[in-house]
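One-based numbering, in listed order, for ligands and for the atoms of each. Every heavy atom of this structure was used, including side-chain atoms; hydrogens, water molecules and symmetry mates were not.
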Amino acid sequence: MEVVMNILKTPVPSGVSMTLGLFMIFLALLYWYATFPYSSLAQCGIRHPKPSPFFGNLFLFRQGFFGVHTDLIHKYGRVCGYYLGRRPVVVVADPDMLRQIMVKDFSTFPNRMTIRAATKPMSDCLLMLRNEHWKRVRSILTPSFSAAKMKEMGPLINTATDTLLTNLNCHAESGESFDIHRCFGCFTMDVIASVAFGTQVDSQKDPDDPFVHHAQKFFSFSFFTPIMFVFIAFPFLIPLARFLPNKRRDEMNNFFINCIQKIIRQRDEQPVEERRRDFLQLMLETRSSKECVSLEHFDVVNHADELAPTHTHTNQQENVDVSHESPNRRSVQTQKRMMSDDEIVGQAFVFFLAGYETSSNTLAFTCYLLALHPECQSKLQAEVDDFFTRYDSPDYTNVQELKYLDMVISEALRLYPPGFRFAREVDEDCMVNGQFLPKGATLEIPAGYLHYDPEYWPEPEKFIPERFTVEAKASRHPFVYLPFGAGPRSCVGMRLAQLEIKMALVHVFRKFNIVACIETKVG
Ligand code: HEM
Ligand SMILES: CCCCC[C@@H](/C=C/C=C\C/C=C\C/C=C\CCCC(=O)O)OO
């Protein structure tokens with residue numbers, strides 16, 4: 001008692017006890033902040049791995065998405081979850097549920113995952129736009145990828161292919177091994193610059209072409225940087241991100257913005273009759289447009305067209321009627337068919353990037369697979385040789401006769417989908433196929449996982465173009481093969497991608513055999 005009394009008698013300075021008290025309250029608040037978001041998935045009955053405070057399950061993804069998706073789905077089921085920082089993510093690998101989300105209930109899920117750290121011009125591009133803003137821009141752009149427009153692109157792509165063949169011929173004659181992916185990157189950059197912007201970039205002739213250099217800089221972005229961890233743990237700080245110095249990001253953004261603005265100035269200075277009706281011109285003409293664009297029966301890129309028979313079975317696009325949208329999202333069904341300068345630059349930016357990276361990867365992986373499967377390569381070469389007994393050169397219409405080529409490309413896209421995962425946002429609490437989905441969650445579509453799901457793809461690791469015969473396609477669920485996504489928000493550039501890939505490969509396999517070399521990483 002004596003000791004206790006002595007202790008009680010010793011007066012604690014009020015400043016120390018106050019600080020101690022405040023510190024304890026701070027710790028309690030910090031613990032609450034660090035843990036409170038991590039109940040939403042469990043409340044919906046969505047199973048998920050145990051999240052860590054502040055970062056959730058972020059660190060699962062250190063080695064990429066594919067392995068994590070496979071582990072999560074095997075352990076927690078086809079509808080499972082995780083926390084990307086504080087953001088609840090529902091992984092949906094149920095094909096029927098995907099059909100509902102991406103097509104049937106599209107008006108409930110029209111938006112992608114929000115990336116609040118995005119800066120201009122990325123933040124103005126179609127990938128990032130939302131709701132009526134997205135619908136207006138998408139409806140303006142869709143016609144530039146119509147079948148009629150693709151027919152006009154054929155000669156331009158053939159010109160770029162001539163340069164590609166010249167370069168490949170130099171490599172062939174040298175007898176040296178070379179990086180064919182780099183050749184294809186320069187080819188696809190030339191194609192997108194030419195067909196979309198009427199600009200000869202000629203990156204195939206300039207090994208240090210600035211367009212290719214800056215596009216590569218964009219894709220070398222690393223998500224796991226110290227400052228990203230701060231923003232993931234404290235997302236309310238993200239708006240500050242755009243004010244933080246980021247030399248690499250700003251240099252890349254400014255390069256594309258300045259180049260695109262220069263191309264626009266050159267186009268505006270051209271006599272009207274000399275202006276080519278390309279993708280850029282279509283956007284520029286909306287600056288003074290008085291037209292309105294109807295959004296009620298929103299037209300989409302129809303995957304059931306003749307160029308991509310692969311997709312006729314997967315996820316045929318219907319004209320989606322979005323006029324029945326929920327009251328709080330009922331949109332104005334017509335809007336001014338206009339685009340701001342920032343929107344024009346934003347679309348040009350994403351088309352350079354998307355047009356460069358995805359198609360060049362697909363070309364390179366297709367050649368890699370054919371190099372490792374010479375019997376398939378010979379079968380394709382036989383089809384190509386037969387094609388050239390009937391035609392002098394490929395175009396949008398006649399390439400559709402090359403059925404085996406389409407099967408080879410489809411199988412390459414299954415094994416190596418450039419868009420291996422993409423997302424939709426849950427803007428309101430809702431139910432899909434009996435599963436409650438909470439507002440604010442992200443729905444993640446694991447295309448890469450679906451493409452290797454043994455339930456739909458026997459021996460999924462094997463390269464078997466015959467998986468895409470008409471009969472095989474008809475017997476498979478359409479939403480287990482999503483190389484270009486599905487529904488009104490699917491890839492707007494699919495037709496152009498398919499056309500340039502097919503035209504390039506027809507020319508390549510008419511003239512060359514592709515073989516692996518000692519540097520080829522097989523696996
Ligand atoms: C092999 C080539 C390509 C592949 C595999 C591919 C794949 C994809 C995928 C998976 C998506 C997301 C679809 C969804 O969320 O349902 C997408 C969206 C998009 N792609 Fe592609 N793409 C390719 C080429 C291109 C090209 C050449 C362009 C432009 C010239 C392009 C422009 C876009 C745009 C703008 C979007 C966003 C569409 C929107 O949000 O409305 N893509 N692409
Ligand atoms: C939407 C994911 C697949 C996009 C494939 C697209 C290529 C785009 C090229 C550049 C954009 C780079 C990254 C996209 C950043 C965020 C995407 C939105 C987030 C999400 O939906 O998960 O090919 O056409």
Side-chain angles (χ1 to χ4, degrees), residues 65 84 87 89 98 101-103 106 109-118 121-123 125-130 133-142 144-145 149-150 153 157 184 188-189 191-193 195-197 215 218-219 221 223 256 278-280 298 300-301 303 308 310-311 314-315 317 346-366 409-410 412-414 416-425 442-448 450-451 479 481-502:
F65 277 89
L84 189 62
R87 182 196 298 239
V89 178
L98 288 176
I101 292 164
M102 300 174 83
V103 179
F106 172 75
F109 307 101
N111 299 317
R112 293 191 188 290
M113 177 170 93
T114 306
I115 299 183
R116 291 161 55 203
M122 186 71 182
S123 54
C125 85
L126 201 58
L127 272 166
M128 298 291 169
L129 299 183
R130 296 171 59 82
H133 190 179
W134 164 78
K135 280 183 205 164
R136 173 171 55 81
V137 175
R138 175 99 187 202
S139 63
I140 291 169
L141 296 182
T142 299
S144 51
F145 293 98
K149 276 289 172 202
M150 289 303 106
M153 303 302 174
I157 297 173
F184 286 139
T188 55
M189 185 57 82
V191 168
I192 196 68
V195 303
F197 306 103
F218 174 89
F219 287 103
F221 169 76
F223 189 76
F256 278 110
D278 54 19
F279 153 79
L280 174 62
F298 187 68
V300 298
V301 171
H303 283 192
T310 311
H311 301 282
T314 53
N315 40 53
Q317 312 282 318
Q347 307 333 307
F349 175 70
V350 78
F351 280 25
F352 265 122
L353 295 176
Y356 161 74
E357 172 81 355
T358 48
S359 300
S360 62
N361 284 355
T362 304
L363 282 164
F365 277 122
T366 304
I409 294 168
S410 298
L413 281 170
R414 179 186 70 83
Y416 301 104
F420 53 86
R421 50 83 49 213
F422 36 92
R424 298 291 187 271
E425 201 144 85
T442 292
L443 301 179
E444 187 164 67
I445 295 127
L450 292 166
H451 289 190
F479 283 78
Y481 181 67
L482 300 168
F484 293 94
R489 197 114 202 205
S490 63
C491 176
V492 73
M494 187 198 79
R495 283 195 180 115
L496 173 60
Q498 291 268 6
L499 180 60
E500 67 176 327
I501 290 166
K502 291 187 175 184

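Using 4.0 Å as the threshold, Glu357 has no heavy atom nearer than that to any atom of ligand 2. Residue Arg112 places a heavy atom under 4.0 Å from ligand 1.
Using a 4.0 Å cut-off to heavy atoms of Phe218, the atoms of ligand 2 that qualify are 12 (C). Contact atoms of ligand 2 toward Ala354: 7 (C), 8 (C), 9 (C), 24 (O) (distance under 4.0 Å to a heavy atom of the residue). For ligand 2 and Arg112, the ligand atoms under 4.0 Å from any heavy atom of the residue are 1 (C), 18 (C), 21 (O). Close contacts of ligand 2 with Thr358, meaning ligand atoms under 4.0 Å from a residue heavy atom, involve 23 (O). Residue-ligand proximity, Ala423 to ligand 2, at heavy-atom distances under 4.0 Å covers atoms 20 (C), 21 (O), 22 (O).
Looking from atom 16 (C) of ligand 2 to the surrounding protein, the closest heavy atom is Ile115 CD1, 3.5 Å. In terms of protein heavy-atom proximity, atom 1 (C) of ligand 2 is nearest to Leu127 CD2, 3.6 Å.
Within the 4.0 Å heavy-atom criterion, the part of Met102 lying near ligand 1 is the side chain and not the backbone. For Asn361, no heavy-atom contact with ligand 1 is shorter than 4.0 Å. Of all the heavy atoms of Leu126, the ones lying under 4.0 Å from any atom of ligand 1 are found in both the backbone and the side chain.
Ring geometry for Phe65 versus Phe420: interplanar angle of 30 to 60°, hence tilted.
Considering backbone and side-chain N/O of Trp134, one or more are found under 3.5 Å from N/O of ligand 1. Every N/O-N/O distance between Thr358 and ligand 1 stays at or above 3.5 Å. Any N or O atom pair closer than 3.5 Å counts here, and Ala486 shares at least one such pair with ligand 1. At a 3.5 angstrom cut-off on N or O pairs, Arg424 counts as close to ligand 1.
Put simply, the side chain of Arg414 gets close to the backbone of His451: a donor and an acceptor are under 3.5 Å apart.
With distances taken over non-hydrogen atoms, the option nearest atom 7 (C) of ligand 1 out of Gly346, Gly485, Pro418, Pro483 is Pro483. Within the set Ala497, Cys491, Ala423, the minimum heavy-atom distance to atom 20 (N) of ligand 1 is found for Cys491. In the candidate list Arg138, Arg489, Lys135, Gln498, Arg489 is nearest to atom 14 (C) of ligand 1, counting heavy atoms. Of the candidates Met494, Met122, Arg421, the one placing a heavy atom closest to atom 22 (O) of ligand 2 is Arg421.
There is no protein heavy atom less than 4.0 angstrom from atom 5 (C) of ligand 2.
Ionic pairing of Arg87 and Glu444 is not present here: no N-O contact between side-chain nitrogen and carboxylate oxygen is shorter than 4.0 angstrom.
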